[in-house]
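Notes to accompany the following structure.
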Amino acid sequence: MKIYNTLTAQKEDFKPINEGKVGVYVCGPTVYNYIHIGNARPICVFDVFRRYLEFKGYETKFIQNYTDVNDKIIKQAEKENSTPEEIALKYINEYEKDAKGLNVRPADIQPKVSLYMNQIIDMIKTLVEKGFAYEVNGDVYYRTRKFEGYGKLSKQSLDDLISGARVEVNSIKEDPLDFALWKSAGADEQHWDSPWGKGRPGWHIECSAMAKDCMGDTIDIHCGGKDLVFPHHENEVAQSEASTGKTFSNYWMHNGHINIDNKKMSKSAGNFFLTRDVAEKYGYETIRYLMIQAHYRMPMNYTAELLDSCKTSLERLYNCRETLDRAISAAKNGEITDSAKETFEKRKSQFIDSMDDDLNTADGLTAVFELARELNTMSADSTVSKEQLEAGAVLFDTLTGVLGLLYNRTEQDEIPAEVKELVQKRIDARKAKDFALADTIRDQIAALGYSVKETRQGMEITKTN
RNA sequence: GGCGCUAUAGCCAAGUGGUAAGGCGUGGGUCUGCAACACCCUGAUCCCCAGUUCAAAUCUGGGUGGCGCCUCCA
């Protein structure tokens with residue numbers, strides 16, 4: 001599999017540290033608010049990545065942290081008249097609801113900054129001892145000039161960074177580019193004890209400390225949004241590599257942004273849509289589909305029209321799968337034709353080729369849609385055997401499963417008895433050619449939140465969102 | 001100013017030098033009591049200009065437009 005590595009700025013063959021195993025660290029949310037759909041992108045995309053790695057036979061270890069100690073959380077606590085701890089808990093909880101709605105599997109380990117203070121402090125101590133950090137008035141700063149590779153991830157030299165930097169006000173730092181590892185805090189604020197007095201960890205050290213604790217000195221792949229490349233990930237590299245003397249992460253994957261009116265969506269800019277609000281209108285799965293229909297590194301402009309088309313596309317896949325189920329129950333036993341075997345094999349390898357190419361989900365979907373068309377044709381052909389349809393269904397489920405789609409199929413036993421009765425009445429009415437009554441019943445069913453379609457194999461009932 | 005990304009049909013979006021996948025939408029048809037689903041047909045001189053090549057959406061150079069990072073941010 002090829003992965004575009006931000007560090008080398010090219011696609012590279014992926015080689016894990018340990019044969020057959022992959023460790024991935026994804027920067028998780030700072031929990032001070034509900035997530036917006038820009039936040040949802042990496043969550044969905046890297047979940048697909050995880051599923052695909054497992055499909056390829058890798059044993060995966062996924063780490064996604066919660067940043068539950070942060071100035072924004074403290075601010076939000078004031079706003080909600082609460083405590084930072086309660087705010088963090090609340091939004092972790094809300095995050096998990098959204099993630100579940102998006103069919104994102106929880107990471108294997110979800111470390112919280114608040115529980116990693118010892119490791120954070122230890123790493124800062126190491127950096128101070130090695131001369132990569134210094135203390136000033138209870139703050140500790142990282143000495144960027146001391147770390148030779150500084151800028152290697154974001155491809156910027158220190159001097160370039162300085163020329164673009166904003167003017168520093170009352171700097172107590174040795175260099176404008178030095179960044180905080182520890183910041184002193186008053187006794188009345190949220191704080192932890194440290195060798196440098198009461199305070200809180202800086203913005204970047206937490207990920208270095210948690211990644212090391214969960215994964216060891218070197219991790220296979222580190223993921224996150226493009227905007228984290230600088231300074232967050234650059235600083236993580238500096239901290240981790242200076243303290244351990246080893247490569248921090250072999251591969252770096254960064255997803256592109258979601259724009260509104262071609263401008264980056266962000267909480268601070270205020271031009272964002274909350275995931276749950278979009279989900280209420282289009283369904284969570286449509287959001288997941290949205291993330292998959294483009295390559296993860298490309299920027300994406302969010303529009304209502306786009307969401308509409310995603311929802312319709314997704315329905316096409318659902319229709320295919322449901323038609324297939326009915327065809328299977330109506331089909332006779334028999335052989336799988338050679339041409340069908342070939343078709344399935346072709347679509348499978350087409351899918352794999354796409355996904356192997358830096359997780360090209362947009363191209364991977366092509367294989368799924370072409371398979372869908374072929375399966376639709378098979379479903380409509382009464383000479384096609386049950387075995388063949390079942391083989392097609394297995395493949396279809398495998399591919400859509402890797403993408404994490406079609407997780408909301410209507411189970412027949414979920415359908416209320418009331419609806420089932422109405423459906424039977426409609427069937428009777430149609431038999432009696434009482435179409436006016438049949439249509440009335442269809443409206444009644446719709447009012448209950450279900451839709452019925454006549455098909456070759458019988459009546460199909462689905463839940464409307 | 002520095003670093004980087006990007007430009008493909010009405011919209012979304014792949015594309016590894018050999019004359020443009022897929023989805024949505026549009027229009028037409030088949031099926032159907034109607035509708036829906038499905039199936040078939042329907043659409044692109046690939047931002048511009050040069051160059052390399054037998055051959056360029058794809059490589060090179062130069063433009064133009066859009067975006068991001070350089071400050072917390074997925």
Side-chain angles (χ1 to χ4, degrees), chain A residues 2 6 9 11 26-30 32 35-46 67 70-72 75 151 154-157 159-166 168 177 179 203 223-232 234 254-259 262-269 272 289-290 293-301 303 305-320 322-323 350 353-354 357 360-370 372-373 375-377 379-381 429-430 433-436 438-439 442 451-456 460 462:
Chain A
K2 281 187 191 299
T6 306
K11 283 184 196 172
V26 185
C27 281
T30 299
Y32 69 101
I35 58 165
H36 60 63
I37 58 168
N39 301 118
R41 188 170 190 184
I43 297 167
C44 292
V45 157
F46 296 123
T67 298
N70 183 282
D71 288 355
K72 285 182 182 169
K75 245 182 224 167
S154 56
K155 314 279 176 263
Q156 305 223 66
S157 72
D159 295 328
D160 290 342
L161 285 164
I162 286 179
S163 72
R166 309 276 159 103
E168 288 281 331
L177 285 175
F179 57 90
W203 314 302
C223 306
K226 224 168 202 166
D227 51 351
L228 295 183
V229 174
F230 192 91
H232 187 57
E234 191 72 64
H254 292 100
N255 64 276
H257 287 132
I258 294 185
N259 300 326
N262 286 315
K263 296 285 175 198
K264 180 181 160 181
M265 168 184 311
S266 76
K267 285 176 187 169
S268 50
F272 61 88
Y289 184 92
L290 171 76
Q293 59 89 38
H295 186 268
Y296 75 91
R297 281 191 288 117
M298 292 296 116
M300 179 189 291
N301 199 44
T303 62
E305 191 189 7
L306 178 55
L307 264 287
D308 280 329
S309 88
C310 287
K311 193 173 165 70
T312 313
S313 302
L314 193 53
E315 270 163 25
R316 179 174 171 78
L317 298 179
Y318 269 102
N319 286 335
C320 170
E322 272 146 20
T323 304
Q350 185 185 351
D353 288 348
S354 302
D357 184 15
N360 194 336
T361 52
D363 206 29
L365 267 182
T366 296
V368 175
F369 276 102
E370 293 192 291
R373 178 165 33 74
L375 290 174
N376 281 333
T377 301
S379 292
D381 182 349
R430 289 184 71 239
K433 304 238 183 262
D434 186 350
F435 297 120
D439 289 349
R442 181 163 61 195
S451 74
V452 283
K453 293 175 201 163
E454 272 63 68
T455 69
R456 287 170 194 83
E460 176 187 317
T462 47

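The sequence lines fix the lettering, A, B, ..., with proteins before strands; numbering per chain opens at 1.
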Watson-Crick or G-U wobble partner for [N], using a 3.5 Å limit on both distances?
{"N": "B:C59", "result": "B:G51"}
{"N": "B:G4", "result": "B:C67"}
{"N": "B:G10", "result": "B:C24"}
{"N": "B:C31", "result": "none"}

Counting side-chain heavy atoms from C-beta on, which of [options] comes nearest to [X]?
{"X": "A:T377", "options": "B:C70, B:A74, B:C39", "result": "B:C39"}
{"X": "A:F435", "options": "B:A21, B:C72, B:G33", "result": "B:G33"}
{"X": "A:P231", "options": "B:C72, B:C40, B:A74", "result": "B:C72"}
{"X": "A:K72", "options": "B:C70, B:C39, B:C73", "result": "B:C73"}
{"X": "A:I258", "options": "B:A74, B:G25, B:G23", "result": "B:A74"}
{"X": "A:S313", "options": "B:G23, B:C67, B:G33", "result": "B:G23"}
{"X": "A:K263", "options": "B:A35, B:C73, B:C67", "result": "B:C67"}
{"X": "A:Q156", "options": "B:C11, B:C70, B:G23", "result": "B:C70"}

* Take A:V452 and A:R442 through the side chain to side chain contact (heavy atoms under 4.5 Å, CB included) test and state the conclusion after the steps. => CA-CA 7 Å; A:V452 283; A:R442 181 163 61 195; 4.0 Å; yes
Taking atom [atom2] of [N] as reference, at what distance in whole Å does atom [atom1] of [X] sit?
{"X": "A:Y318", "N": "B:A38", "atom1": "OH", "atom2": "C1'", "value": "19 Å"}
{"X": "A:M265", "N": "B:C72", "atom1": "CE", "atom2": "C1'", "value": "17 Å"}
{"X": "A:L228", "N": "B:C70", "atom1": "CG", "atom2": "P", "value": "10 Å"}
{"X": "A:H257", "N": "B:A74", "atom1": "NE2", "atom2": "C1'", "value": "6 Å"}
{"X": "A:F230", "N": "B:C72", "atom1": "CZ", "atom2": "P", "value": "8 Å"}
{"X": "A:N259", "N": "B:C5", "atom1": "CG", "atom2": "P", "value": "17 Å"}
{"X": "A:L161", "N": "B:G4", "atom1": "CG", "atom2": "P", "value": "12 Å"}
{"X": "A:N262", "N": "B:C12", "atom1": "CG", "atom2": "C1'", "value": "13 Å"}

Minimum heavy-atom separation for [X] and [Y], please, with both atom names.
{"X": "A:Q293", "Y": "A:A362", "answer": "O-CB, 3.4 Å"}
{"X": "A:N301", "Y": "A:N259", "answer": "OD1-O, 3.2 Å"}
{"X": "A:L290", "Y": "A:C310", "answer": "CA-SG, 3.8 Å"}
{"X": "A:L228", "Y": "A:C27", "answer": "CD1-CB, 3.7 Å"}

* Residues two or more places apart in sequence or in another chain: which of them pass ring pair (Phe, Tyr, Trp, His ring centres under 6.0 Å) with A:H254? ->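 Per chain and number, A:H254 pairs via ring pair (Phe, Tyr, Trp, His ring centres under 6.0 Å) with A:H233.
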Would you say [X] reaches [N]'s phosphate, i.e. side-chain N/O to OP1/OP2 under 4.0 Å?
{"X": "A:R430", "N": "B:A35", "answer": "no"}
{"X": "A:N39", "N": "B:A74", "answer": "yes"}
{"X": "A:N376", "N": "B:C39", "answer": "yes"}
{"X": "A:R442", "N": "B:A36", "answer": "no"}
{"X": "A:K155", "N": "B:C70", "answer": "no"}

Same-atom distance ([atom1]) from [N] to [M], integer angstrom:
{"N": "B:G10", "M": "B:G68", "atom1": "C1'", "answer": "28 Å"}
{"N": "B:U30", "M": "B:G65", "atom1": "C1'", "answer": "45 Å"}
{"N": "B:U8", "M": "B:C46", "atom1": "P", "answer": "12 Å"}
{"N": "B:U45", "M": "B:C12", "atom1": "C1'", "answer": "23 Å"}
{"N": "B:C37", "M": "B:U19", "atom1": "C1'", "answer": "37 Å"}
{"N": "B:A57", "M": "B:U6", "atom1": "C1'", "answer": "14 Å"}
{"N": "B:G27", "M": "B:G15", "atom1": "C1'", "answer": "28 Å"}
{"N": "B:A21", "M": "B:A9", "atom1": "P", "answer": "14 Å"}

* Report the residue (A:Q350 or A:K433) whose heavy-atom-nearest nucleotide on RNA chain B is the more 5′ of the two. =>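 Mapping each residue to its closest nucleotide by heavy atoms, the 5'-most match is A:Q350.
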* Using heavy atoms to find the nearest nucleotide of RNA chain B for A:S309 and A:A40 separately, return the residue whose nucleotide is more 5′. =>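 Checking each residue's closest nucleotide, the 5'-ward one belongs to A:S309.
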Considering every strand and a 4.0 Å limit on heavy-atom distances, what is the contact class for [X]: base, sugar-phosphate, or nothing?
{"X": "A:G224", "answer": "sugar-phosphate"}
{"X": "A:E322", "answer": "nothing"}
{"X": "A:N319", "answer": "sugar-phosphate"}
{"X": "A:T303", "answer": "nothing"}
{"X": "A:S266", "answer": "base"}
{"X": "A:G256", "answer": "base"}

* To do: Go through the side-chain N and O atoms of A:S451 and A:T462 and say whether any donor and acceptor fall under 3.5 Å apart.
  =>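 A donor-acceptor contact under 3.5 Å links the two side chains.
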* Asked: Have A:E234 and A:Q156 got a donor and an acceptor in their side chains that come within less than 3.5 Å?
  ->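 Short answer, no.
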* How would you list, by chain and number, every residue that makes a salt bridge (Lys or Arg N to Asp or Glu O under 4.0 Å) with A:K264, sequence neighbours excluded? ->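 In terms of salt bridge (Lys or Arg N to Asp or Glu O under 4.0 Å), with neighbours along the sequence ignored, A:K264 is linked to A:D227.
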* Parallel, tilted or perpendicular: which describes the rings of A:F272 and A:H36, with under 30° parallel and over 60° perpendicular? ->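 Ring orientation of A:F272 relative to A:H36: tilted.
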Give each protein N/O atom lying under 3.5 Å from an N/O atom of nucleotides 13-17 of chain B, with the pair distance.
unit_1	atom_1	unit_2	atom_2	d
B:A14	OP1	A:H295	N	2.9
B:A14	O3'	A:N360	ND2	2.8
B:A14	O2'	A:D363	OD1	2.6
B:A14	O2'	A:D363	OD2	3.3
B:G15	OP1	A:N360	ND2	2.8

* Asked: What distance do A:R373 atom CZ and A:R316 atom CZ have between them, rounded to the nearest 0.5 Å?
  ->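 The CZ atom of A:R373 sits 7.5 Å away from the CZ atom of A:R316.
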* Indicate whether A:F369 forms a stack on B:G22; treat it as stacked only if centroid distance is below 5.5 angstrom and interplanar angle below 30 degrees. =>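 Taking the rule of under 5.5 Å and under 30°, the ring of A:F369 does not stack on B:G22.
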* Salt bridge flag under 4.0 Å for residues A:D308 and A:K311 ->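 Result for this pair is no, no salt bridge flagged.
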* When only distance counts, do a donor and an acceptor, one from the side chain of A:D434 and one from the base of B:G33, lie under 3.5 Å apart? ->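 Absent.
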* Asked: Considering only heavy atoms and no angle criterion, is a donor-acceptor pair shorter than 3.5 Å present between the side chain of A:K226 and the base of B:C5?
  ->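 Side chain to base: no pair present.
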